[in-house]
Amino acid sequence: MIIGAATSATTRTLAGMLIGRFLVGTGIGIGPPVASLYLAEVSPASLRGTYGSFIQIATCLGLMGALFIGIPVREIAGWWRICFWVSTVPAGILAFAMIFCAESPHWLYKKGRSAEAEAEFERLLGGSHVKYAMLELSKLDRGDEADTVKLSELLRGRHFRVVYIGSTLFALQQLSGINAVFYFSSSVFKSARVPSDVANALIGVANLTGSIVAMLLMDKLGRKLLLLWSFFGMTMSMVLQVAAANSYVSGSGSLYLSVGGMLMFVLTFALGAGPVPGLLLPEIFLNRIRAKAMAFCMSVHWVINFFVGLLFLRLLEQLGPQLLYSIFASVCMMAVIFVKKNVMETKGKSLQEIEIALLPPE
């Protein structure tokens, strides 16, 4: 991220900018899934949901900070270079601060380094909890250190169901229309005569508010309930968008429905569909496949994200907003049904308890 941002900040050619963006994109592709994986493995079971929600809150604050820093870009020539330089600061803080963080005891145990895993548990949980934590780890088969997980193992056999749940959750998250809403929000607010800076602030506040509420409720209500109500709220928000696009609705009524539906969509997304998949997946994946399964599901996430961004405006022109938003509403409702039938509740359970519950027979 640091090298890519610095490259973009100093380049004077299109090729240099593309290289810089590619490097930053690589960093972004690695960072969030590893952060989710790491937090799931080092957090106490009773607080894992709360800690995992901080990733979503940090994302919201980062987006709002980027919007704020970018405000002078129209008035000050070359300000965009400063924006790129500023983005190296959080990346540098992350790289430096991780030096002082504990290594994942789960990863150490998987590698056969039990003494080090015990020492890291003592750092994380305190001496009184070490024996119980190690006992829980010992119930699981850590596998042979040289035993690598093949892609074919994730796509068929005993691990297929959890990988199917994880990749489908990410696919439904992206196909729900959240990025389309972000892309199209400026046009909606512009038609309502709301300045772009105010519009961005409103979207950011809605996103942050939903994320904070999710953090407070994650370990009280559980992941599954938040997902269900989040996708249901997103469905209702898209219904408002469909109504706003209806020719029978008056001009002012259409604007109110469209703006309200958009803010409600972002708010309800941040309540569950945004933070929960990234937290739930490291919880439901078995220790042996956790890293590669997360990588596979995040690949599904980014591939669909790419195609939604590539095709959204084209589909909007050809299908019209009413039909397109109806499709998004249908996807959100499908997500409600999928979560209800397939997702298990992991609130308050250790990773070992979840793994034993989900472990299919040989």
Side-chain angles (χ1 to χ4, degrees), residues 30-55 94-95 97-154 157-163 165-167 218-219 223 277-298 344-362:
I30 295 170
V34 173
S36 297
L37 190 66
Y38 178 76
L39 275 178
E41 293 185 341
V42 302
S43 302
S46 59
L47 293 171
R48 196 167 54 237
T50 302
Y51 291 167
S53 299
F54 279 124
I55 294 178
L94 175 63
M98 284 307 297
I99 297 171
F100 305 99
C101 291
E103 181 55 88
S104 165
H106 291 258
W107 181 81
L108 290 170
Y109 183 79
K110 181 182 174 183
K111 294 296 181 183
R113 295 154 63 179
S114 299
E116 293 175 65
E118 195 170 334
E120 296 297 357
F121 268 135
E122 188 168 359
R123 284 183 66 188
L124 291 165
L125 306 175
S128 60
H129 298 281
V130 171
K131 286 187 178 179
Y132 177 75
M134 290 301 295
L135 180 64
E136 287 289 295
L137 272 184
S138 68
K139 294 177 183 177
L140 305 177
D141 176 19
R142 66 187 170 201
D144 183 357
E145 185 177 342
D147 182 21
T148 57
V149 180
K150 298 177 182 178
L151 182 62
S152 58
E153 287 186 68
L154 303 181
R158 63 199 301 254
H159 302 306
F160 172 76
R161 183 170 179 267
V162 287
V163 175
I165 291 171
S167 54
M218 190 75 74
D219 285 314
R223 286 69 154 146
L279 168 68
L280 184 70
L281 268 56
E283 292 181 323
I284 66 172
F285 290 146
L286 278 62
N287 190 41
R288 179 172 171 270
I289 68 165
R290 189 172 292 135
K292 288 197 175 177
M294 274 293 292
F296 176 82
C297 292
M298 286 304 297
M344 73 168 284
E345 183 52 70
T346 59
K347 177 188 70 171
K349 297 178 182 177
S350 71
L351 295 182
Q352 291 74 38
E353 290 172 325
I354 297 167
E355 180 164 337
I356 290 169
L358 286 172
L359 191 66
E362 291 283 3

Practice task
To the nearest 0.5 Å, tell me how far M298 CE sits from I30 CD1.
Solution key: 11.5 Å
Practice task
Measure across F285 and V162 and return the closest heavy-atom pair with its distance rounded to 0.1 Å.
Solution key: CE2-O, 3.3 Å
Exercise for the section: Determine whether more than 12 heavy atoms belonging to other residues, nucleotides or ligands lie under 6.0 Å from atom OH of Y38. Expected result: yes
Practice task
Hey, could you give me the NE2/CG distance between H106 and L37, rounded to the nearest 0.5 Å?
Solution key: 10.0 Å
Problem - Ionic contact status for K111 with E116, cut-off 4.0 Å - result: no
Completion exercise
Smallest heavy-atom separation, E345 atom then R223 atom, equals OE2-N, 3.0 Å
Exercise for the section: Compare every heavy atom of V163 with every heavy atom of A293, then report the nearest pair and how far apart it is. Expected result: CB-CG2, 4.2 Å
Problem - Non-neighbouring partners of F54 that pass ring-ring contact (aromatic ring centres under 6.0 Å, His included), sequence neighbours left out - result: none
Problem - Close side-chain approach of P282 and E41, heavy atoms under 4.5 Å - result: no
Handout entry: Close side-chain approach of P105 and V42, heavy atoms under 4.5 Å
Key = yes
Fill in the blank from the handout: When rounded to the nearest 0.5 Å, the distance separating CD of E283 from OG1 of T346 is 3.5 Å
Practice task
With rounding to the nearest 0.5 Å, note down the distance linking CG in L279 to OG1 in T50.
Solution key: 9.5 Å
Practice task
State, to 0.1 Å, how close R123 and F100 come at their nearest heavy-atom pair, and which atoms those are.
Solution key: NH2-O, 2.9 Å
Handout entry: Minimum side-chain heavy-atom gap I55-P32 below 4.5 Å
Key = no
Exercise for the section: Of all the heavy-atom pairs spanning S36 and G278, show the shortest one and how long it is. Expected result: CB-O, 3.1 Å
Problem - Test side-chain contact (heavy atoms from CB on, under 4.5 Å) applied to W107 and R113, step by step - result: CA-CA 9 Å; W107 181 81; R113 295 154 63 179; 3.4 Å; yes
Exercise for the section: Considering non-hydrogen atoms only, spot the tightest contact between E120 and A102 and give its length. Expected result: OE1-CB, 3.2 Å
